[in-house]
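Below is one structure; the comments refer to it alone.
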Amino acid sequence: MSALVALSAVPAVAAPVLPPPVRPEDRAGDHLTVVVQHAGSGQDGTYELFCHPVGGSHPDAAGACQALEEHTQWERDLFAPVAPGTICTMLYGGPATARVTGTWAGHSVAAAYDRSNGCEIERWDRMVPLLPRLGSAARGRGPVSP
């Protein structure tokens, strides 16, 4: 019994307390997740981008952050879709699609991209290098789309 009492009097050695792993949404600064599909070998994938400070798995994180900074304007949604009713040329830029989600400049982002017409191609190209640079568009036939 005396051995039992002696053991219970010894304080347990506390294991070091580790902080929980940092989740992407917990990091300070801007964070975007970019999912690219049908863009071709070496360009498809899911990429994390952090700006302020620059980091993540994006292949050109510094270039993407710089381009986003250059295009950001006060009171203008950098990721806005093409306005309804916009007249766009009948160009086809290929089957590539992209989805960008996260936070930029304190605002939530949920944007979809494709290359289905001239307006969408231009919108995509404004986001290079956040989105991969793709080849030139193939000219379609017929009138401009409403």
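A heavy-atom distance below 4.5 Å is found between the side chains of Leu32 and Phe79. When side chains are defined from C-beta on, Thr103 does not count as touching Val109, because their heavy atoms never get closer than 4.5 Å. When side chains are defined from C-beta on, Val34 counts as touching Leu131, because their heavy atoms get closer than 4.5 Å. Considering only heavy atoms from C-beta on, Tyr92 stays 4.5 Å or farther from Arg115 through its side chain. In this structure the side chain of Glu48 reaches within 4.5 angstrom of the side chain of His31, judged on heavy atoms.
Using a 4.5 Å cut-off between side-chain heavy atoms of Ile, Leu, Val, Met, Phe, Trp and Tyr, with links allowed through other members, Met127 and Val82 fall into different hydrophobic clusters. A continuous path of Ile, Leu, Val, Met, Phe, Trp and Tyr side chains, each step under 4.5 Å between heavy atoms, connects Leu130 with Val128, placing both in one hydrophobic cluster.
Put simply, the side chain of Asp30 gets close to the backbone of Ala105: a donor and an acceptor are under 3.5 Å apart. Asp44 places a side-chain N or O within 3.5 Å of a backbone atom of His38 that can act as its donor or acceptor partner. Listed for the Arg123 side chain is a donor-acceptor partner under 3.5 Å among the backbone atoms of Ala80.
Minimum heavy-atom separation, Leu49 to Ala64: CD2-CB, 3.8 Å.
Contacts of Thr72 classified as side-chain contact (heavy atoms from CB on, under 4.5 Å), with partners at least two apart in sequence or in another chain: Leu78, Trp104.
Here Glu120 contributes atom CD and Asp114 contributes atom CG; the two are 4.5 Å apart, rounded to the nearest 0.5 Å. Going from atom CD of Glu70 over to atom CD of Gln66 covers 4.5 Å, rounded to the nearest 0.5 Å.
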Decide salt bridge (Lys or Arg N to Asp or Glu O under 4.0 Å) for Arg133 and Asp125; before the verdict, give the C-alpha distance in whole Å, the side-chain angles of both, and the deciding distance to 0.1 Å.
CA-CA 7 Å; Arg133 181 175 308 282; Asp125 289 348; over 6 Å; no
